[in-house]
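All figures in this text were calculated on a predicted structure; none of them were measured in a lab. Proteins get letters first, then strands, A, B, ... in listed order; numbering begins at 1 in each.
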Protein chains: 2
Amino acid sequence: MIVSRPPRLDAHARLRALTSDITDLILDRGLLPGDAMPTEQELMAELGVGRNTLREAIKVLQALGVVEIRHGFGMFVAEENLVALSDSLTFRGQMSLRHKGHEANELVDVRQALEAGLVGTAMSAITEHHLAELEATVVDMERLAAEGHSFIDADRNFHRILFEPLNNQLLSNLLGVFWDVYRTIHQSIDAKDSTRAHLAETAHSHRELFEAVKSGDKPLASSLLACHFDGIRGQLADFNAPAG
Amino acid sequence: MIVSRPPRLDAHARLRALTSDITDLILDRGLLPGDAMPTEQELMAELGVGRNTLREAIKVLQALGVVEIRHGFGMFVAEENLVALSDSLTFRGQMSLRHKGHEANELVDVRQALEAGLVGTAMSAITEHHLAELEATVVDMERLAAEGHSFIDADRNFHRILFEPLNNQLLSNLLGVFWDVYRTIHQSIDAKDSTRAHLAETAHSHRELFEAVKSGDKPLASSLLACHFDGIRGQLADFNAPAG
DNA sequence: GAAAGTCGGACGTAGGACGTCCTATGCTGT
DNA sequence: ACAGCATAGGACGTCCTACGTCCGACTTTC
């Protein structure tokens, strides 16, 4: 099936049409994540383009998380991921930090809306197993805080486990991306929050939140989460206006 | 500034390092959206890679919405956009529709959490101007519904205007992306909701929501939004199990 | 039968050549 | 002097060839 594209398109539209042809090919053939894709040679013949053009399109799809390339072996349909969003947001966040930094605040606002808005639903579906895992991360935090160590991973795990009961891959991925982007942005400003007092405070706020979740107090959990993010916003404000 | 990369990296990591070098170059030079980037030749020399490799990296950045390429003129830092997320999610959505379609439900869940969770804050910042625009879109819907026409654009505008007062670019972009992806997915299933009765019902629910927003009743607005999305979920369920 | 070596296929990188497109410059005509 | 057009140059777009690198599978060997 040689497709013939009208040559009267600007380059951007042509590349987009090519990537679209490839994704259509995946969909039409019913390929599932993990399945092998045609080789470069086959795609060149089917799509009627040169190797460079084809490779540029494929690299785009790789960046978008659509295909996975294994050097020396072949190309495959990728598992679901939000690599594209993460890379894009990370760049935008870093860029805005060098100028104003309001985009970091936007990120926190969206996280707050998602987490505070969904924690109630998540609590309705939470299991004893999740609660045990949550408490384990809290204990980790408290121990690390007492030793004066930061606990990035434990913090992330806490929020990940909290929303796992919803069984919503998109939401989990989104929150994970936001977390990573926020951490990247945060790391590039300063680690001034690594004081032992601040660590203890953060650990304690997570302990409070855990207790609220355990007791099933949805409004309290939601408001505690909101406070948590208000605190994060405060740190950002300190960075943007350290003199004031 | 010739960077020397250790050759002991797999191809994927190498491409990633290259795109990272380019974004770092943008950040280090303080380039702003709209600013011109170095030419391919200059980047080849600075980064020490061949033209093909460089172009593949740049195409990735173009797909990620980092750079904008103007054929025959040059490359520029792109304005903020979430093209990457939109393309990625659209593909995933289409793919899941051909098999189970649960990802469309996840999309609706996230939209519901964001919109229902943030409508209260948005109402606190809403202005008379926004209210007038909102009512205009509602009137549009009612007119189009009476004529038996669908009103995709009016529907989208309503939700866009509703959250404009928050002045959160990331949120607006996310909601816009979700809307586009949902519309794409929805179009590929059927247009069975274009009956005049269903159109009138949709228009009416937007009218109710508008009245709640106008009167400042935040809990009512939030619950109306939640109901709105429950209805959408119902349509998806009908598609996935039309026999039951 | 298992381990090592070999082979072929597939992706990765480089460079050149030519086409296409856009901008800017300078010319022309009024 | 200004408007419009024609041209030249630069920059990206596409294709081709060649070679490097990596991986899996097959063959050989013990």
Under-3.5 Å N/O pairs linking protein and nucleotides 7-11 of chain D:
unit_1 : atom_1 : unit_2  : atom_2 : d
D:dG10 : N2     : B:Gly72 : O      : 2.8

Atom [atom1] of [X] and atom [atom2] of [N]: how far apart are they, to the nearest Å?
{"X": "B:Arg16", "N": "C:dG12", "atom1": "CZ", "atom2": "C1'", "value": "18 Å"}
{"X": "B:Leu43", "N": "C:dT13", "atom1": "CG", "atom2": "C1'", "value": "17 Å"}
{"X": "A:Ile69", "N": "D:dC22", "atom1": "CD1", "atom2": "P", "value": "16 Å"}
{"X": "B:Leu15", "N": "D:dT21", "atom1": "CG", "atom2": "C1'", "value": "16 Å"}
{"X": "A:Leu18", "N": "D:dT14", "atom1": "CG", "atom2": "P", "value": "9 Å"}
{"X": "B:Met44", "N": "C:dA14", "atom1": "CE", "atom2": "P", "value": "9 Å"}
{"X": "A:His12", "N": "D:dG13", "atom1": "NE2", "atom2": "P", "value": "10 Å"}

So that I can tick it off, tell me whether B:Arg143 and B:Asp140 are bridged by a salt bridge, with the cut-off set at under 4.0 angstrom between side-chain N and carboxylate O.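 The answer is yes: the pair qualifies as a salt bridge.
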Quick one: is A:Arg51 getting a side-chain N or O under 4.0 Å of the D:dT17 phosphate, OP1 or OP2?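 Indeed not, no polar side-chain atom of A:Arg51 lies that close.
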Pairs of donor and acceptor atoms involving the side chains of residues 159-168 of chain B, under 3.5 Å and at least two apart or interchain, shall be tabulated with distances.
unit_1   : atom_1 : unit_2   : atom_2 : d
B:His159 : ND1    : B:Glu115 : OE1    : 2.8
B:His159 : NE2    : B:Asp155 : OD1    : 3.3
B:His159 : NE2    : B:His206 : NE2    : 3.4
B:Arg160 : NE     : B:Asn157 : OD1    : 3.4
B:Arg160 : NH1    : B:Glu164 : OE2    : 2.9
B:Arg160 : NH2    : B:Asn157 : OD1    : 3.2
B:Asn168 : OD1    : B:Leu170 : N      : 3.0
B:Asn168 : OD1    : B:Leu171 : N      : 2.9
B:Asn168 : ND2    : A:Glu106 : O      : 3.3

Kindly write out the residues that satisfy side chain to side chain donor-acceptor pair (under 3.5 Å) with A:Arg111, not counting sequence neighbours, or none if the list is empty.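 Listed in chain order: nothing, the list is empty.
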How would you list, by chain and number, every residue that makes a side chain to side chain donor-acceptor pair (under 3.5 Å) with B:Glu147, sequence neighbours excluded? B:His149
Go through it in stages, so that I can follow the logic: the residues are B:Arg29 and B:Glu46, the test is salt bridge (charged side-chain N to carboxylate O under 4.0 Å, His left out), and I'd like the CA-CA distance, side-chain angles, deciding distance and then a yes or no. CA-CA 14 Å; B:Arg29 297 193 180 180; B:Glu46 285 207 34; 2.6 Å; yes
Rounded to the nearest 0.5 Å, what's the gap from CE on A:Met37 to CG on A:Leu31? Could you check? 7.0 Å
Using 0.5 Å steps for rounding, measure from the CZ atom of A:Arg233 to the CD atom of A:Gln112. 4.5 Å
Residues passing the ring-ring contact (aromatic ring centres under 6.0 Å, His included) test with B:Phe76, sequence neighbours excluded, are B:Phe73
List in numerical order all residues of residues 52-67 of chain A for which some heavy atom is under 4.0 Å away from an atom belonging to DNA chain D.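 Of all residues in residues 52-67 of chain A, the ones placing a heavy atom under 4.0 Å from DNA chain D are A:Asn52, A:Thr53.
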Do any N or O atoms from the side chain of A:Glu135 and from the backbone of A:Ala132 form a donor-acceptor pair under 3.5 angstrom? no
